[in-house]
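Following: one structure in structure tokens, then a few remarks.
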Amino acid sequence: MKDVRVRFAPSPTGALHIGGVRTALYNFLLARQQGGTMILRIEDTDQNRYVPGAEEYIMDSLAWAGIQIDEGVREGGPFGPYRQSERKEIYSQYAQQLLQSGHAYYAFDTEADLEAMRERQKATGSDQQQYSSATRMTMRNSLTLSAEETRKLIETGHPYVIRFKIPENETVVLHDLIRGEVSVQTAQLDDKVLMKSDGMPTYHLANVVDDYLMKISHVIRGEEWLPSAPLHVLLYKAFGWGKDMPQFAHLPLLLKPDGNGKLSKRDADRMGFPIFPLNWTDPNTKEQSTGYREAGYLPEALINFLAFLGWNPGTEQEIFSMNELIQAFSVERIGKAGAKFDIQKAQWYNQQYLRAKSNTELATHLVDHLKKENITCSQDKAEKICDVMKERITFPQDLWEQGKFFFNAPASFDDGVVSKKWNDDAVKVLTTYRDAVEKLSTFDAAIAKETLEQVTASLQIGTGKILQALRVALSGMGGGPDLMMIMEIIGKEEVVSRLTFALNNLKIKVG
RNA sequence: GGCCCGUUCGUCUAGGGGUUAGGACAUCAGAUUUUCAUUCUGGUAACAGGGGUUCGAUUCCCCUACGGGCUACCA
């Protein structure tokens, strides 16, 4: 079997969209599974849309996600350059080949000429207003002009494009790995521009030439390319590369969570979830976007989630590491229909991966975060906190968000809990308890519990009745991890001082 | 408009001519828990519609509806 060589070919027109990450992922999975090569090709043939920094951003994003590139701008490789703007000469050379073999022609039409043609077509009631076999003989091109005229126009510097001459009355059949056979009549296709007047190729030419030269075996890309795939097939044939044509797989799109249509940045902003892998500041608008990384998503969770959007292994296993995905992946099991983007599922995955992490690893994260808050915390204490908190968090930052009380005494107390649970009995027990704790020489969760039980027993008040009051006094909140562990972690002195503060400041609410 | 692609619980999906149509997320209920969360148990919930083919269709075919993509000297 032919060596598997796949490519992810984004254009650097902005941050990498999450859908692009999935496309890259599927390419990567196939490459790794088959012992093939993953190529990153930068498709920067549109000079107007070039956004500085986008290229770096794309590479950094893929690296973060764990999608490794074997050949590309950074990595180099035997088929470079991997930036299309640096391959300009190659494309014009191949365009010449098409010109000579009669598969392409020069066109000198102006914007106004094209517009007039479309109007004429519209007036005849035609379904399509295209530059095609139906209209090309009415236009200003090397098909209608003499060789002499054509040569003169080019020599005198008239702007021109090179168009592909779509063959007439053919049926193009392409075999898509996901969709099966797709066939299109060439009469539906237009004479696409291959080389633009600025000397750059269009996507269609560049993509076919590069895929051929780079020996790409599988083209795995978004469904938006399906309509132009027949044109690409025709191009391969025109070049005489029919036998070396890659296999195609057109991926279903990622749809917005509500309603219909493809997932856009607007939807993500509106619903409050990231659309880009990493933080991104648009250099033109200065608009800032939070990335998945910064929002607290773990790359392995994002990857697992993305992999399952449009693909599944056919088993009931939900959690897959990258290596497991590589093992299990198959293009044939990719679905055909678009998948709505469900951020809740992504959060669930994140939770699963987060809780699978060791306390040591989580603690390191916590300690790092605490530095930003100017709080010092031993690794040992941080590990204890992570141990009691990890079952209740979705994002790493929740460790701090939900566990602030481990470091800062509560400044305010949950009203609902106070009004319900802060009563005479509670005050009585907590006062006695505070005094008892103060006298203790050693203190840990077990001792804290034993002492509390002794106090409630002596006062003949059920322990359960006052636990919520104790919790709110210590943490300010009505919920949280095991109270005895909280006391052990914050320590005896802190327990005493927090109780004293609460006892002095909380009023019993009557009624 | 034209062309192409698609359609199983709210969502991601498995399945496939005869199944109690399976799982996961979400949701609801119960249990556990000192609270919240977790965990456990259970529940609600789907084959877009109409025609065929067939003994039988959700599964195969056609049509319709709906949805999406494309329709640039953008990718």
Side-chain angles (χ1 to χ4, degrees), chain A residues 9-13 43-46 48-49 84 107 109 111 114 122 125-131 159-163 176 178-180 182-185 187-190 192-204 206-207 221-230 250 252-253 255 257-262 305 308-319 333 335-349 351 355 389-394 398 402 414 417 421 449 452 462-472 475 477-484:
Chain A
S11 62
T13 54
E43 309 225 326
D44 57 347
T45 53
D46 186 346
N48 301 320
R49 294 211 304 158
Q84 290 187 328
D109 313 273
E111 195 58 49
L114 295 174
K122 222 181 261 179
S126 164
D127 279 344
Q128 38 201 1
Q129 298 93 43
Q130 298 187 135
Y131 206 119
Y160 66 87
V161 299
I162 298 173
R163 283 182 184 272
D176 185 279
I178 296 172
R179 285 149 218 287
V182 176
S183 63
V184 175
Q185 304 298 321
Q188 298 298 332
L189 271 22
D190 62 340
K192 277 273 182 291
V193 169
L194 262 21
M195 290 293 287
K196 302 185 269 190
S197 55
D198 64 1
M200 278 291 195
T202 57
Y203 171 83
H204 303 104
N207 137 273
R221 81 241 284 195
E223 192 184 3
E224 67 269 29
W225 292 110
L226 194 51
S228 57
H250 288 93
L253 264 21
L255 272 21
D258 57 342
N260 298 106
K262 67 175 170 181
F305 165 66
F308 270 66
L309 234 37
W311 171 86
N312 81 86
T315 66
E316 293 192 346
Q317 184 181 344
E318 303 276 339
I319 303 293
R333 292 199 63 88
K336 301 185 212 308
K340 288 194 183 178
F341 195 83
D342 179 11
I343 196 66
Q344 287 197 102
K345 191 86 174 235
Q347 288 174 357
W348 177 79
Y349 272 112
Q351 205 176 39
R355 89 174 40 155
M389 293 295 288
K390 82 199 274 191
E391 295 291 300
R392 38 207 323 124
I393 57 172
T394 303
D398 294 341
Q402 293 175 29
D414 186 304
V417 182
K421 305 285 185 180
K449 185 170 192 187
L452 181 64
T463 309
K465 293 231 191 293
I466 55 84
L467 271 167
Q468 279 294 82
L470 211 208
R471 176 180 293 283
V472 80
S475 72
M477 307 195 296
D482 183 81
L483 245 187
M484 306 307 146

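Each chain gets a letter, A, B and so on, in the order the sequences are listed, and its residues count up from 1.
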- request: Return no unless some side-chain N or O of Thr45(A) is found under 4.0 Å from OP1 or OP2 of A75(B).
  value: yes

message: Please classify the nucleic acid contact of Phe308(A) as base, sugar-phosphate, or nothing, using heavy-atom distances under 4.0 Å.
response: sugar-phosphate

task: Just compare C4(B), U38(B), A75(B) and give me whichever is closest to any side-chain atom of Val184(A).
output: C4(B)

query: So what does Asp398(A) hit on the nucleic acid, given a heavy-atom distance under 4.0 Å: a base, only sugar-phosphate, or nothing?
result: nothing

query: So, are Asp46(A) and Arg49(A) salt-bridged, with charged N and O less than 4.0 Å apart?
result: yes

message: Applying a 4.0 Å non-hydrogen cut-off, can you work out what Gly261(A) is touching in the nucleic acid: base, sugar-phosphate, or nothing?
response: sugar-phosphate

- request: Check every strand shown and say whether Pro481(A) touches a base, only sugar-phosphate, or nothing at a heavy-atom separation below 4.0 Å.
  value: base

- prompt: Does Arg333(A) place a side-chain N or O at less than 4.0 Å from the phosphate oxygens OP1/OP2 of G15(B)?
  reply: yes

task: Let me have a per-nucleotide readout for nucleotides 44-49 of chain B, 5' to 3', with B, S or -, counting only protein heavy atoms under 4.0 Å.
output: ------

message: Whether the side chain of Arg179(A) and the base of C5(B) hold a donor-acceptor pair under 3.5 Å is what I'd like checked.
response: no

message: Can you list everything that forms a side chain to side chain contact (heavy atoms under 4.5 Å, CB included) with Ala229(A)? Sequence neighbours excluded, please.
response: Leu174(A), Arg221(A), His250(A)

message: Do Leu226(A) and Arg179(A) make a side-chain contact, defined as non-hydrogen atoms from C-beta onward lying under 4.5 Å apart?
response: yes

task: Classify the nucleic acid contact of Leu226(A) as base, sugar-phosphate or nothing, counting any heavy atom under 4.0 Å across all strands shown.
output: sugar-phosphate

- request: State which residues pass side chain to side chain contact (heavy atoms under 4.5 Å, CB included) with Glu43(A); sequence neighbours excluded, sorted by chain then number.
  value: Ala9(A), Ser11(A), Arg41(A), Gln84(A), Tyr203(A)

- prompt: How far, in whole Å, is G17(B) from C60(B) if one measures between their P atoms?
  reply: 8 Å

message: Pick the closest RNA chain B nucleotide for Gln185(A) and for Thr13(A) by heavy atoms, then say which residue is nearer the 5' end.
response: Gln185(A)

Glu318(A): side-chain hydrogen bond (donor to acceptor under 3.5 Å, both in side chains) partners, not counting sequence neighbours: none

query: Base, sugar-phosphate, or nothing: which does Val193(A) touch, judged by heavy atoms less than 4.0 Å apart?
result: sugar-phosphate

- prompt: What string of B, S and - do you get for nucleotides 23-30 of chain B, 5' to 3', when a contact is any protein heavy atom under 4.0 Å?
  reply: SBSS----

task: Starting from the 5' end of RNA chain B, give me the residue, Leu467(A) or Leu309(A), whose nearest nucleotide shows up first.
output: Leu309(A)

task: Would you mind telling me which of A75(B), G2(B), G68(B) lies closest to the side-chain atoms of Gln188(A)?
output: G2(B)

message: Need one value for Ser197(A): base, sugar-phosphate or nothing, where a base atom within 4.0 Å counts as base even if backbone is also close, heavy atoms only.
response: base

query: When the P atoms of A65(B) and G49(B) are considered, how many whole Å apart are they?
result: 16 Å

task: Using the test side chain to side chain contact (heavy atoms under 4.5 Å, CB included), find all partners of Gln185(A) that sit at least two apart in sequence or belong to another chain.
output: Thr171(A), Gln188(A)

- request: Select base, sugar-phosphate, or nothing to describe what Gly478(A) touches, counting heavy atoms under 4.0 Å on all strands.
  value: base

